Amino acid sequence: MDNFDLIIFGGDGDLSFRKIFPALYHRLNEHQIDESSRVMAVSRSKRTQKDFIEQLEKSLKEYIKDADGAVILKLLSMVTFAQIDTDKKLEDAHAAKWFTKDFHSIRVFYLATPAAAFGPICEYLDNQGYIIPDARVVLEKPLGTDLKSSEAVNNQVALHFPEEQIYRIDHYLGKETVQNLMVLRFANNIFESSWNAQDIDNIQITVAESIGVGTRGGFYDKYGALRDMVQNHLLQLLCLIAMEPPVMLEADLVRDEKLKVLRALRLYDKNSILTETVRGQYTRGNTGEGRLPSYLEDIDKFESNTETFVALKAHVDNWRWGGVPFFLRTGKRMPHRYSEIVINFKDVPHNLFPDRKKMANNKLTIRLQPEERIELQQMVKIPGPGGYRYKPFSLELDYAEHFDQRFPEAYERLLMDVVRGNQTLFMRRDEVKAAWTWAESLLTNWEKSKMPNVLYEAGTWGPGDKVMDGDHEWVKSRHVIKAQKKLEDDDE
Ligand code: BG6
């Protein structure tokens, strides 16, 4: 990897300590980068280099299991702390020197700050002359709260960086198992030929989280699950499942195909908002380990209409997917954390076996996290003399079992791609716009119809069972039942 300079705005924030610095540690540990690259952690607050480095060392030891002390020291030696307040046009005296002396030609500005600061930071960098020809800017989500505000942010950034130098992060795209979706689809012939409305009955994408909103209540209450998870992470997963094969694995060729899917998403209207969407909020609950607070207790407010759970029936209106529902679901404070995509194939057209019962359908389950694996459910004959008895059985490919190695975190891959100048795993501006256009059809119709949140107890699978039955049979799908059963077994 070429040497680079990385400047992290929000350098003493939660994301930097939890994700960005640990990612650098691992890349350093695996010799992909070396200590000649430089990192500047920028904050608006004043603090000393010593104080910052001490905090960073402590956090690296906390977030990295079995961290190697020597590698930590190497990383710390690369880091400079600087106070830069773009509003007050104030910066530490040594910052300008850092930018102008012995610098590397690849310069990455990582904006791990609220989106409202993106425009002013870019303007400041430009005025200071810090944007060199090989500079890139990394933007963390959320990019605005609706189409208008996201366009405003994108316009401001575009005044200073061309699109080819803008890297909009959706960390789901950096996950190993998410990248494997591309390989699964496009390096295997058997799936692609049945990957369509003729053979697939429905697709389910679930991202369940066991955590609540924790200390992020102030932020979360302005966003909610639709903006925080669906508009970006779940839609990106949907795109990878639904897109046409790109001609090559080149950034714009891949993103062109994803864009077509986003544009084919059916917008919600005043009727479908009522029949095809559910929003929920968690109330107090209990786990075996004790009482869980409600969302309102978590955010310390008496009322809020922000959703912590969303379930949707989405439609990709194109030739390949006409008539195939995509069920999307995400929620906080579920019993377990797991992300999974289930492709439900259609039933066999005719059961020729003597019992004439309805057979279980073929099902491809892609478990993204944790316990990464791929399962293909098929019917098999139960051994025995005479007669045909059969049952569903799964072929399993367990990642951890087959690949005895550390799976890199999403941020490791994404950071290195920024340095390499590869935009494939980053969202292009038109993608973000199309995703917001769709998300807005939900937001505005929820508001117009005054759609309430259905309450669900923390530690349960959300309001699904109560409000989603009939053709929403997905709520009772196998993985939910399995997870519920596991929970009951664990309790026993
Ligand atoms: C973030 C959301 O983008 O993704 C969080 O803001 C969420 O609310 C997180 O918890 C989930 O990411 P992961 O990688 O833990 O599935």
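Bear in mind the structure is a predicted one, so any value in this text is a computation, not a measurement. Remember, it's 1-based here, ligands and their atoms both numbered in the order they're listed.
- For the pair R333 (side chain) and G459 (backbone), a donor-acceptor distance under 3.5 Å is absent.
- Aromatic rings of F326 and W321 (six-membered ring for Trp) have centroids within the 6.0 Å cut-off, being under it.
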Item to complete: Go through the steps for T365 and I341 under the test side chain to side chain contact (heavy atoms under 4.5 Å, CB included), then give the verdict.
Response: CA-CA 6 Å; T365 303; I341 300 173; over 6 Å; no
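- Close contacts of ligand 1 with E209, meaning ligand atoms under 4.0 Å from a residue heavy atom, involve 7 (C), 9 (C), 10 (O), 11 (C).
- Those atoms of ligand 1 that come under 4.0 Å of a heavy atom in H233, given as number and element, are 1 (C), 3 (O), 4 (O).
- Set against the non-hydrogen atoms of M229, the atoms of ligand 1 under 4.0 Å away are 2 (C), 4 (O), 7 (C).
- Side-chain atoms of S43 never come within 3.5 Å of backbone atoms of G10 as a donor-acceptor pair (strictly under, hydrogens ignored).
- Per-residue contacts place D228 under 4.0 angstrom from the following atoms of ligand 1 (heavy atoms of the residue considered): 2 (C), 5 (C), 6 (O), 8 (O).
- Protein heavy atom nearest atom 15 (O) of ligand 1, with residue, atom name and distance: R337 NH2, 3.3 Å.
- Contact annotation: for Y172 versus ligand 1, heavy atoms closer than 4.0 Å belong to the side chain alone.
- In this structure, the side chain of H402 engages the main chain of D398 through a donor-acceptor pair within 3.5 Å.
- A distance-only check finds no donor-acceptor pair linking the side chain of R367 to the backbone of T177 [under 3.5 Å].
- Atoms of ligand 1 found under 4.0 Å from any heavy atom of K175 (numbered from 1 in listed order, with element): 13 (P), 14 (O), 16 (O).
- Interface atoms of ligand 1 facing Q369, defined by a heavy-atom separation under 4.0 Å, are 13 (P), 16 (O).
- Close contacts of ligand 1 with K332, meaning ligand atoms under 4.0 Å from a residue heavy atom, involve 5 (C), 7 (C), 8 (O), 10 (O).
- Every atom of ligand 1 is numbered from 1 in the order shown, and the set under 4.0 Å from a heavy atom of H171 is 1 (C), 3 (O), 4 (O), 12 (O), 13 (P), 14 (O).
- A distance-only check finds a donor-acceptor pair linking the side chain of N362 to the backbone of Q377 [under 3.5 Å].
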